[in-house]
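Quick notes on the structure that follows.
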There are 2 protein chains.
Amino acid sequence: MSRVTIQDVAKAARVSATTVSFAFNQPEQLSVATRTRVLSTARRLGYAPHPSARSLSTKRHGSIGLLTPQPLEVVFANPFVSELLQGIGAVCAQHDMTLLLVPPLNGSLESAVGRAPVDGVISLGLNAGDPALETLARFGLPWILIDAEAPSGVATVNVDDFGGAALAARHVLELGHRRIAVIGLGRTSPQRAQLGIGARRLAGYRGAIDAAGVPAPTVDPGGVTFAAGIQAFRNLWRARRKPTAVLAMSDMAALGLMAAARDAGVRIPEDLSVVGFDDLPMAAWAHPGLTTVRQPIAEKGRQAARLLIESLAGKAVHSPKPLRTELILRGSTGRQT
Amino acid sequence: MSRVTIQDVAKAARVSATTVSFAFNQPEQLSVATRTRVLSTARRLGYAPHPSARSLSTKRHGSIGLLTPQPLEVVFANPFVSELLQGIGAVCAQHDMTLLLVPPLNGSLESAVGRAPVDGVISLGLNAGDPALETLARFGLPWILIDAEAPSGVATVNVDDFGGAALAARHVLELGHRRIAVIGLGRTSPQRAQLGIGARRLAGYRGAIDAAGVPAPTVDPGGVTFAAGIQAFRNLWRARRKPTAVLAMSDMAALGLMAAARDAGVRIPEDLSVVGFDDLPMAAWAHPGLTTVRQPIAEKGRQAARLLIESLAGKAVHSPKPLRTELILRGSTGRQT
DNA sequence: TTGTATGCGTTATCAA
DNA sequence: TTGATAACGCATACAA
């Protein structure tokens, strides 16, 4: 019941193993007769090259790894990841690459990296200096970063977090809001991971608010989940001085906040304006629709995958220009009355 | 810049390669002195066993594959898959297994299977007789099915689709509805994939409706996306005889239908009752909340992963009893007036 | 056009 | 307690 090997095929087709290998990898080298004979017996026997043997020999795995800073059960709770995977997956398919998920192993990303049969890695939210990335460097694995502080020399795919956040802030400022709250990306999540984009977005919010001569926003730690948004609403509404507008760094938190607000009898946008960040599909499905900063999530995935594959081909790759963000106006924001 | 091998470590530690291997795999065999020396030099050199070499030798890969009937960009558009992955991922982590995504390669799942370095496979929505599954059998790879017609001898994880659908139908019947429409899982998606559960759910709906002496439901092909739900609403509302209750086989379609209904000025539940299937997180977030048949999606993933891993350990595994479904009452259903 | 010989990096067997 | 040696299955110079 053991796997059919190249030798089995060779024997059955009365040729050498080399010939069988040629039939698959360099068909032109073979006469049509033998080639067809070999291939047909291979098919008949159900032969496929053993992936490990193949990669041991070729020094290639034909797969890339997605390094996730948290366990899969946590990571996939965030729809953001699904969308990113759609982008990465599309490019992988184009290049006959498979995708290996690489979450921390016993809490350690480094050891997980060492055991992953991949030609390169896309890392989500890890910043330079992370031990896992140093491990990658030691193994000579090319890698691309998404949503990270760009260390020099490592290609990083980012969006214009600062500009996007500024768009959101200016929007509510123009609507007359003066008491503004910000909901962050969470403090429990890998701090370093969130540090980069969280800090950039916060700076964008603050810059615009400051430029308008409006009091600095209160900042709730928040998170990237619906539940975090609910909690954020509770925190904000417990305060003496309630905001009239909320700028959330994630759509999920914004949606959770909207739901909590509705349950508390707070009308949106009449009593409270809400702006999200991401433009997940469900932002448009909410009622009212969520005004949000769109970032091209799937495109981030595609770019990262493309860069990595180019890098595997030996090309020198550079960080692309931060992708554009865009304010999507829907019903969750309104004029301060 | 090439990878540090076991030989490098052996040389540096003045021992044989075997000893280095022992240090990692059978530490007890070694004297404390040599073990620590070897391990420390290994760490110093940044050594990690080459995954392919290791699996070639051990005949194990330490990973399982998730066979998806469609490209990743399609599959991950469905939140159902994210939740399933949370369950699978949790069990994988417990057993130090990594997860390889195995979508069709050039449209062919069979060839993708042959190239996947995995010890076993979880297949999503593929029914017995599928060529990809036969390929698995040829390679001697253990596999577990999710949401499939259970062929004899292959462990399959299913929920009680029939019973769940019956619950949904009886619910709207009790509310007095007599004009009922059903929204399916889509006809374009891999037909065979959807055939099993789609047919079972349809039978559940029909059985209950028939038992109540109520006219048979109209059936819209539907799908598993928000857009499919919108389309389904249009189809239904175009008809002369509009339903007062809709039974959707997926929450996504139900939510899309609800949104389309609202946009068309159709009130839910006053004008139209809607029941979904799945109980995705966002079913609770919708407004009104979506009454739906809950199925334990993550648990399906966990069970499948557990069964597969047991199977890898040589145990004989059997299809578990279909998991229970449960009707979750929310605001999207009301009495027929 | 096809075959021989060798290496890829590791683990397992057996001997010392 | 350690080491020598033989697989593991394939690809690829090189030879024929």
Side-chain angles (χ1 to χ4, degrees), chain A residues 1-39 41-42 45-63 114-119 138-141, chain B residues 1-39 41-42 45-63 114-119 138-141:
Chain A
M1 194 53 181
S2 123
R3 193 161 174 143
V4 178
T5 77
I6 201 173
Q7 296 290 355
D8 300 328
V9 178
K11 215 166 290 177
R14 304 178 174 285
V15 292
S16 74
T18 306
T19 302
V20 179
S21 180
F22 280 170
F24 281 88
N25 304 315
Q26 312 177 35
E28 327 78 27
Q29 302 293 329
L30 262 44
S31 73
V32 182
T34 45
R35 185 205 312 168
T36 51
R37 178 161 48 96
V38 169
L39 287 178
T41 61
L45 267 49
Y47 167 76
H50 190 291
S52 294
R54 189 186 182 105
S55 53
L56 187 58
S57 188
T58 58
K59 297 174 176 303
R60 299 180 354 88
H61 297 279
S63 68
R115 296 158 72 116
V118 296
D119 297 321
R138 264 210 320 269
F139 291 162
L141 283 179
Chain B
M1 195 55 183
S2 127
R3 192 162 174 141
V4 178
T5 77
I6 200 172
Q7 296 291 354
D8 300 328
V9 178
K11 214 165 292 175
R14 302 176 175 286
V15 292
S16 73
T18 305
T19 303
V20 179
S21 181
F22 279 168
F24 280 87
N25 304 315
Q26 312 177 34
E28 325 78 28
Q29 302 293 328
L30 262 43
S31 73
V32 183
T34 44
R35 186 206 310 168
T36 51
R37 179 161 47 97
V38 169
L39 287 179
T41 62
L45 268 50
Y47 167 76
H50 190 292
S52 294
R54 188 185 182 110
S55 54
L56 186 58
S57 187
T58 59
K59 298 173 176 302
R60 302 181 350 92
H61 297 279
S63 67
R115 296 158 69 119
V118 295
D119 297 320
R138 264 210 320 268
F139 291 161
L141 282 179

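Note on naming: letters A, B, ... go to the chains in the order of the sequence lines (proteins, then strands), and numbering restarts at 1 for each one.
In this structure, A:Ser16 reaches the C:dG3 phosphate: one of its side-chain N or O atoms is under 4.0 Å from OP1 or OP2. Checking the phosphate oxygens (OP1, OP2) of C:dT1, no side-chain nitrogen or oxygen of A:Thr19 falls inside 4.0 Å. For the OP1/OP2 pair of D:dA11 and a distance below 4.0 Å, the side-chain nitrogens and oxygens of A:Ser21 include at least one atom meeting the criterion. Residue A:Ser31 places at least one side-chain N or O closer than 4.0 Å to OP1 or OP2 of C:dT2. Here A:Arg54 reaches the OP1 or OP2 of D:dA11: one of its side-chain N or O atoms lies under 4.0 Å away. Between A:Ser52 and D:dG9 there is no side-chain polar atom (N or O) within less than 4.0 angstrom of OP1 or OP2. Between C:dA12 and B:Lys59, no contact under 4.0 Å exists linking OP1 or OP2 to a side-chain N or O.
Within the 4.0 angstrom heavy-atom criterion, only backbone atoms of the sugar-phosphate kind lie near A:Leu30; the bases stay farther away. If you check every strand for non-hydrogen atoms under 4.0 Å, A:Val15 touches sugar and phosphate atoms only. Residue-level contact check: B:Tyr47 touches the backbone only, with heavy atoms under 4.0 Å from sugar-phosphate atoms and none from bases. Residue-level contact check: B:Ala33 touches neither bases nor backbone, having no heavy atom under 4.0 Å from any strand. Residue-level contact check: B:Ser55 touches neither bases nor backbone, having no heavy atom under 4.0 Å from any strand.
Between the B:Arg60 side chain and the B:Asp119 main chain, no donor and acceptor come within less than 3.5 Å of each other. Remark: side-chain polar atoms of A:Ser63 are paired, donor with acceptor, to backbone N or O of A:Pro117 under 3.5 angstrom. Looking at B:Ser57, its side chain never comes within 3.5 Å of a backbone N or O of B:Arg54 through a donor-acceptor pair.
If you take CG on A:Asp8 and CZ on A:Arg3, they are separated by 11.5 Å, rounding to the nearest 0.5 Å. To the nearest 0.5 Å, atom NZ of residue B:Lys11 and atom CD1 of residue B:Ile6 are 12.5 Å apart. For the atom pair B:Thr18 OG1 and B:Gln29 CD, the distance stands at 12.0 Å (nearest 0.5 Å).
Atom NE2 of B:His61 and atom P of C:dT11 are 15 Å apart (whole Å). Distance CZ (B:Arg115) to C1' (D:dC10): 14 Å, rounded to an integer number of Å. In this structure, CG of A:Asn25 is placed 6 Å from P of D:dT12, rounded to the nearest angstrom. A:Lys11 places its NZ atom 12 Å from the P atom of D:dG9, with the value rounded to the nearest Å. When rounded to the nearest whole Å, the span between CZ of A:Phe22 and C1' of C:dG3 equals 9 Å. As rounded to whole Å, 5 Å separates atom P of C:dT11 from atom CD1 of B:Ile6. Residue B:Leu56 contributes atom CG, which lies 9 Å from atom P of D:dC8 at whole-angstrom precision. In this entry the distance linking CG of B:Asp8 with C1' of C:dG9 reads 10 Å, nearest Å.
Between the side chain of A:Thr18 and the base of D:dA11, no donor-acceptor pair under 3.5 Å is found. Residue-to-nucleotide contacts include no donor-acceptor pair under 3.5 Å from the side chain of A:Thr58 to the base of D:dT12. In terms of polar N and O atoms assigned as donor or acceptor, the side chain of B:Thr34 never comes within less than 3.5 Å of the base of D:dT2 in a complementary pairing.
Between A:Val32 and B:Ala17, the one whose closest nucleotide on DNA chain C sits nearer the 5' end is A:Val32. Each of A:Phe24 and B:Ala53 lies near DNA chain D, and the nucleotide nearest B:Ala53 is the one positioned closer to the 5' end.
Shown here for B:Thr41 and B:Ala13, the closest heavy-atom pair between the two residues is OG1-CB, 3.6 Å. The minimum heavy-atom distance linking A:Tyr47 with A:Val4 is given by the pair CD1-O, 3.3 Å. Shortest non-hydrogen contact noted between A:Ala12 and A:Leu45 is CB-CD2, 4.0 Å.
In the helix from C:dT1-D:dA16 to C:dA16-D:dT1, the rotation axis of the first five pairs and that of the last five pairs differ in direction by 40°, rounded to 10 degrees.
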